[in-house]
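Quick notes on the structure that follows.
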Amino acid sequence: MGINLIAMLTNHDKTVPGAKSVFEENRAAKTGCWGFKDVGIELSDAKALVASMKAEGKTTFMEPLIESEEGCLEAAQFAIDCGFEYVIGMEFYESVAQKLKGTGIQYFPTCGRRAGIPRMLYGTVQEIIDDAKRILSVDGVAGICLSVYRYCDGDPEVMAMEFARQISAPMIVTGSIGNDARLNFVKAMKPWGFTIGSALFDDSFGHYDHISDKLDMLLEKLEQ
(Lines give C-alpha, C1' and ligand atoms only; values in the text may rest on other atoms or scores of the structure.)
Protein backbone atom coordinates (compact mmCIF):
# COMPACT_ATOMS: atom_id res chain seq x y z
CA MET A 1 0.00 0.00 0.00
CA GLY A 2 1.28 3.45 -0.91
CA ILE A 3 1.36 6.67 1.07
CA ASN A 4 -2.08 8.16 1.72
CA LEU A 5 -2.39 11.72 0.43
CA ILE A 6 -4.95 13.52 2.61
CA ALA A 7 -6.48 16.49 0.79
CA MET A 8 -7.41 19.09 3.40
CA LEU A 9 -9.89 21.79 2.41
CA THR A 10 -8.03 24.28 4.57
CA ASN A 11 -6.00 27.41 3.97
CA HIS A 12 -4.01 29.22 6.67
CA ASP A 13 -5.32 26.69 9.22
CA LYS A 14 -9.02 27.36 8.55
CA THR A 15 -11.56 25.47 6.50
CA VAL A 16 -11.99 27.32 3.23
CA PRO A 17 -15.28 29.14 2.50
CA GLY A 18 -17.67 27.06 0.44
CA ALA A 19 -15.75 23.89 1.25
CA LYS A 20 -18.58 21.61 0.15
CA SER A 21 -18.70 23.23 -3.29
CA VAL A 22 -14.91 23.01 -3.55
CA PHE A 23 -15.05 19.30 -2.75
CA GLU A 24 -17.87 18.59 -5.19
CA GLU A 25 -16.02 20.42 -7.97
CA ASN A 26 -12.94 18.24 -7.35
CA ARG A 27 -14.45 14.96 -6.18
CA ALA A 28 -13.07 13.10 -9.21
CA ALA A 29 -9.53 13.42 -7.84
CA LYS A 30 -7.97 10.00 -7.36
CA THR A 31 -7.06 10.50 -3.71
CA GLY A 32 -9.40 8.64 -1.39
CA CYS A 33 -8.67 10.75 1.71
CA TRP A 34 -10.26 14.16 2.33
CA GLY A 35 -10.66 16.36 5.37
CA PHE A 36 -10.92 19.78 6.93
CA LYS A 37 -10.65 21.60 10.25
CA ASP A 38 -13.35 22.46 12.77
CA VAL A 39 -12.43 26.16 12.37
CA GLY A 40 -14.24 28.22 9.74
CA ILE A 41 -17.23 25.92 9.34
CA GLU A 42 -20.50 25.43 11.24
CA LEU A 43 -21.56 22.02 12.52
CA SER A 44 -24.47 21.70 10.08
CA ASP A 45 -22.21 22.49 7.12
CA ALA A 46 -19.53 20.12 8.42
CA LYS A 47 -22.07 17.30 8.64
CA ALA A 48 -23.18 17.95 5.07
CA LEU A 49 -19.58 18.03 3.83
CA VAL A 50 -18.67 14.75 5.54
CA ALA A 51 -21.80 13.15 4.10
CA SER A 52 -20.88 14.40 0.62
CA MET A 53 -17.36 13.00 0.95
CA LYS A 54 -18.60 9.63 2.14
CA ALA A 55 -21.14 9.48 -0.69
CA GLU A 56 -18.18 9.64 -3.07
CA GLY A 57 -16.45 6.78 -1.24
CA LYS A 58 -13.88 9.04 0.44
CA THR A 59 -12.35 8.50 3.89
CA THR A 60 -12.82 11.56 6.09
CA PHE A 61 -10.33 13.34 8.36
CA MET A 62 -10.84 16.10 10.91
CA GLU A 63 -7.86 18.14 12.11
CA PRO A 64 -8.68 20.39 15.08
CA LEU A 65 -6.37 23.13 16.33
CA ILE A 66 -7.22 22.79 20.01
CA GLU A 67 -4.88 22.53 23.00
CA SER A 68 -7.05 22.51 26.14
CA GLU A 69 -8.53 19.24 27.33
CA GLU A 70 -12.03 20.71 27.41
CA GLY A 71 -11.62 22.02 23.87
CA CYS A 72 -10.28 18.70 22.63
CA LEU A 73 -13.23 16.85 24.14
CA GLU A 74 -15.58 19.28 22.40
CA ALA A 75 -13.72 18.72 19.13
CA ALA A 76 -14.04 14.97 19.61
CA GLN A 77 -17.79 15.38 20.02
CA PHE A 78 -17.86 17.51 16.86
CA ALA A 79 -16.12 14.65 15.02
CA ILE A 80 -18.59 12.11 16.41
CA ASP A 81 -21.56 14.26 15.46
CA CYS A 82 -20.25 14.69 11.90
CA GLY A 83 -19.34 11.03 11.43
CA PHE A 84 -15.65 11.52 10.65
CA GLU A 85 -13.50 8.41 10.38
CA TYR A 86 -10.24 9.97 11.62
CA VAL A 87 -9.32 12.70 14.11
CA ILE A 88 -5.74 13.81 13.51
CA GLY A 89 -3.23 16.38 14.73
CA MET A 90 -4.98 17.30 17.96
CA GLU A 91 -3.25 17.64 21.33
CA PHE A 92 -3.27 14.28 23.11
CA TYR A 93 -5.48 13.56 26.12
CA GLU A 94 -6.33 10.14 27.47
CA SER A 95 -9.89 11.37 28.07
CA VAL A 96 -10.24 12.02 24.33
CA ALA A 97 -8.95 8.54 23.53
CA GLN A 98 -11.61 7.13 25.85
CA LYS A 99 -14.33 9.32 24.34
CA LEU A 100 -13.50 8.20 20.80
CA LYS A 101 -13.13 4.56 21.76
CA GLY A 102 -15.91 2.46 20.29
CA THR A 103 -17.06 5.19 17.89
CA GLY A 104 -15.13 3.82 14.92
CA ILE A 105 -13.06 7.02 14.75
CA GLN A 106 -9.30 6.49 14.49
CA TYR A 107 -7.37 8.81 16.82
CA PHE A 108 -4.01 10.14 15.57
CA PRO A 109 -2.97 12.87 18.05
CA THR A 110 0.13 14.98 17.66
CA CYS A 111 3.27 14.65 19.76
CA GLY A 112 5.98 16.87 21.15
CA ARG A 113 5.73 20.36 22.61
CA ARG A 114 3.57 22.56 20.37
CA ALA A 115 2.90 26.29 20.47
CA GLY A 116 1.40 29.03 18.32
CA ILE A 117 -0.73 29.07 15.17
CA PRO A 118 0.57 27.65 12.98
CA ARG A 119 1.54 25.31 15.80
CA MET A 120 5.30 24.93 15.79
CA LEU A 121 7.14 21.93 17.26
CA TYR A 122 9.83 22.21 19.93
CA GLY A 123 12.10 19.94 21.95
CA THR A 124 14.96 17.53 21.38
CA VAL A 125 14.54 14.70 18.91
CA GLN A 126 14.46 12.15 21.71
CA GLU A 127 11.93 14.14 23.72
CA ILE A 128 9.56 14.12 20.74
CA ILE A 129 10.08 10.40 20.17
CA ASP A 130 9.58 9.59 23.86
CA ASP A 131 6.37 11.61 23.88
CA ALA A 132 5.12 9.68 20.85
CA LYS A 133 5.89 6.38 22.58
CA ARG A 134 4.00 7.54 25.68
CA ILE A 135 0.96 8.50 23.62
CA LEU A 136 0.99 5.32 21.53
CA SER A 137 1.02 3.18 24.69
CA VAL A 138 -2.49 4.41 25.56
CA ASP A 139 -5.43 2.23 24.60
CA GLY A 140 -7.53 3.92 21.92
CA VAL A 141 -4.68 5.63 20.07
CA ALA A 142 -4.41 4.28 16.52
CA GLY A 143 -1.43 6.29 15.29
CA ILE A 144 0.54 9.51 15.62
CA CYS A 145 0.95 12.82 13.81
CA LEU A 146 4.28 14.54 13.32
CA SER A 147 4.64 18.14 12.11
CA VAL A 148 8.00 17.61 10.45
CA TYR A 149 8.44 21.03 8.85
CA ARG A 150 7.14 22.91 11.87
CA TYR A 151 10.12 21.71 13.93
CA CYS A 152 12.16 24.66 15.30
CA ASP A 153 14.89 23.14 17.49
CA GLY A 154 16.97 21.33 14.88
CA ASP A 155 17.00 19.92 11.38
CA PRO A 156 13.41 18.81 10.60
CA GLU A 157 14.45 16.00 8.27
CA VAL A 158 17.08 14.58 10.62
CA MET A 159 14.46 14.60 13.38
CA ALA A 160 11.87 12.95 11.14
CA MET A 161 14.11 10.12 9.95
CA GLU A 162 15.13 9.26 13.52
CA PHE A 163 11.46 9.41 14.53
CA ALA A 164 10.55 7.02 11.73
CA ARG A 165 13.38 4.69 12.75
CA GLN A 166 12.15 4.42 16.34
CA ILE A 167 8.37 4.61 15.84
CA SER A 168 6.70 1.71 14.06
CA ALA A 169 3.08 2.85 14.48
CA PRO A 170 1.13 4.43 11.59
CA MET A 171 2.23 8.06 11.19
CA ILE A 172 0.72 11.07 9.43
CA VAL A 173 3.00 13.97 8.49
CA THR A 174 1.18 17.29 8.85
CA GLY A 175 1.95 20.86 7.89
CA SER A 176 3.91 22.78 5.28
CA ILE A 177 4.36 20.19 2.53
CA GLY A 178 4.51 22.82 -0.20
CA ASN A 179 7.28 21.99 -2.69
CA ASP A 180 8.82 19.08 -4.57
CA ALA A 181 11.79 18.76 -2.20
CA ARG A 182 9.52 18.26 0.79
CA LEU A 183 7.24 15.95 -1.15
CA ASN A 184 10.26 13.84 -2.11
CA PHE A 185 11.37 13.70 1.51
CA VAL A 186 7.93 12.48 2.59
CA LYS A 187 8.10 9.91 -0.19
CA ALA A 188 11.46 8.68 1.15
CA MET A 189 10.21 8.71 4.74
CA LYS A 190 7.21 6.51 3.81
CA PRO A 191 4.68 7.52 6.48
CA TRP A 192 1.17 6.08 6.53
CA GLY A 193 -0.02 9.41 5.13
CA PHE A 194 0.47 13.16 4.91
CA THR A 195 -1.75 16.20 4.64
CA ILE A 196 -1.84 18.83 1.91
CA GLY A 197 -3.85 21.95 2.75
CA SER A 198 -2.74 25.48 1.89
CA ALA A 199 -0.62 24.21 -1.02
CA LEU A 200 -3.84 23.18 -2.78
CA PHE A 201 -4.92 26.82 -2.87
CA ASP A 202 -1.72 28.53 -4.01
CA ASP A 203 0.87 27.93 -6.71
CA SER A 204 3.40 26.12 -4.53
CA PHE A 205 3.42 23.18 -6.96
CA GLY A 206 2.67 25.32 -10.00
CA HIS A 207 -0.60 26.67 -11.33
CA TYR A 208 -3.51 24.30 -11.94
CA ASP A 209 -7.01 25.30 -12.97
CA HIS A 210 -8.50 22.58 -10.80
CA ILE A 211 -7.47 21.21 -7.41
CA SER A 212 -8.28 17.72 -8.66
CA ASP A 213 -5.58 18.07 -11.35
CA LYS A 214 -3.03 19.14 -8.75
CA LEU A 215 -3.93 16.22 -6.48
CA ASP A 216 -3.61 13.74 -9.34
CA MET A 217 -0.20 15.22 -10.20
CA LEU A 218 0.94 14.81 -6.59
CA LEU A 219 -0.20 11.19 -6.55
CA GLU A 220 1.71 10.54 -9.76
CA LYS A 221 4.86 11.98 -8.18
CA LEU A 222 4.41 9.72 -5.17
CA GLU A 223 4.17 6.68 -7.41
CA GLN A 224 7.24 7.48 -9.54
Side-chain angles (χ1 to χ4, degrees), residues 1-42 44-65 79 82-89 104-106 108 118 142-143 145-149 170-224:
M1 181 177 179
I3 302 169
N4 292 292
L5 190 165
I6 306 165
M8 298 295 292
L9 296 177
T10 60
N11 195 13
H12 302 301
D13 287 321
K14 292 183 179 180
T15 297
V16 296
K20 187 170 182 288
S21 295
V22 175
F23 170 72
E24 290 174 350
E25 290 166 4
N26 295 281
R27 61 189 177 184
K30 294 175 184 176
T31 185
C33 300
W34 287 76
F36 54 96
K37 297 187 189 296
D38 58 341
V39 178
I41 191 168
E42 297 297 325
S44 58
D45 293 332
K47 287 180 177 180
L49 179 50
V50 169
S52 182
M53 289 174 172
K54 286 186 169 182
E56 293 296 326
K58 308 298 186 182
T59 303
T60 55
F61 295 74
M62 173 180 160
E63 185 182 17
L65 287 177
C82 290
F84 280 97
E85 289 147 296
Y86 286 79
V87 169
I88 67 172
I105 297 174
Q106 302 294 303
F108 278 61
C145 283
L146 182 67
S147 295
V148 174
Y149 290 105
M171 174 186 16
I172 294 174
V173 174
T174 59
S176 303
I177 310 299
N179 57 50
D180 284 337
R182 292 183 175 187
L183 184 69
N184 287 336
F185 178 75
V186 170
K187 182 178 175 180
M189 191 181 174
K190 298 179 181 178
W192 182 91
F194 71 102
T195 61
I196 288 280
S198 295
L200 296 179
F201 299 94
D202 61 27
D203 293 338
S204 298
F205 287 100
H207 178 74
Y208 289 81
D209 290 334
H210 303 287
I211 289 171
S212 56
D213 294 334
K214 181 178 287 189
L215 286 167
D216 288 348
M217 175 276 294
L218 292 170
L219 283 174
E220 287 177 12
K221 285 181 179 286
L222 287 174
E223 293 166 2
Q224 290 172 355

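All residue numbers in this chain count up from 1 along the given sequence.
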If we only count heavy atoms from C-beta on, is the [X] to [Y] side-chain gap below 4.5 Å?
X      : Y      : value
Leu183 : Leu222 : yes
Phe108 : Thr174 : no
Met53  : Leu9   : yes
Phe205 : Ile196 : yes

Rounded distance (nearest 0.5 Å) linking atom [atom1] of [X] with atom [atom2] of [Y]:
X      : Y      : atom1 : atom2 : value
Glu63  : Ile172 : CD    : CD1   : 8.5 Å
Thr60  : Leu49  : OG1   : CG    : 9.0 Å
Ser198 : Met8   : OG    : CE    : 10.0 Å
Leu219 : Gln224 : CG    : CD    : 11.0 Å
Lys187 : Leu218 : NZ    : CG    : 11.5 Å
Thr10  : Phe201 : OG1   : CZ    : 7.0 Å

Counting only N and O atoms by type, is there a donor-acceptor contact under 3.5 Å from the side chain of [X] to the main-chain atoms of [Y]?
X     : Y      : answer
Thr15 : Val39  : yes
Thr31 : Leu5   : yes
Lys47 : Gly83  : no
Asn26 : Ile211 : yes

Query raised in the report: Which of parallel (below 30°), tilted (30 to 60°) and perpendicular (above 60°) describes Phe36 and Phe84?
Result: tilted

Report task. Measure the acute angle between the ring planes of Phe61 and Trp192, then classify it against the limits of 30° and 60° as parallel, tilted or perpendicular. Result -> tilted

What heavy-atom pair brings [X] and [Y] nearest, and what distance separates the two atoms?
X      : Y      : value
Gly175 : Tyr149 : O-CB, 4.1 Å
Val22  : Pro17  : CG2-O, 4.2 Å
Ala79  : Val87  : CB-CG2, 3.5 Å
Val50  : Cys82  : CG1-O, 3.2 Å
Met171 : Pro191 : O-CB, 3.5 Å
Asp38  : Pro64  : OD1-CA, 3.3 Å

Report task. Apply side-chain contact (heavy atoms from CB on, under 4.5 Å) to the pair Thr195 and Ile88, showing each step before the final yes or no. Result -> CA-CA 10 Å; Thr195 61; Ile88 67 172; 3.8 Å; yes

Requested in this report: For side-chain contact (heavy atoms from CB on, under 4.5 Å), just list the numbers for Leu200 and Asn11, CA-CA rounded to whole Å, side-chain angles, deciding distance to a tenth of an Å, and then say yes or no.
Outcome: CA-CA 8 Å; Leu200 296 179; Asn11 195 13; over 6 Å; no

**Report entry** Met189 vs Leu146, side-chain contact (heavy atoms from CB on, under 4.5 Å): CA-CA, chis, key distance, verdict
**Finding:** CA-CA 12 Å; Met189 191 181 174; Leu146 182 67; 4.2 Å; yes

**Report entry** Residue that, paired with Phe23, satisfies side chain to side chain contact (heavy atoms under 4.5 Å, CB included) out of Glu25, Arg27, Lys20
**Finding:** Arg27

Query raised in the report: Would you find more than 12 non-hydrogen atoms of other residues, nucleotides or ligands less than 6.0 Å from Glu223 atom CD?
Result: yes

Query raised in the report: Does atom NZ of Lys14 have more than 12 heavy-atom neighbours from other groups under 6.0 Å away?
Result: no

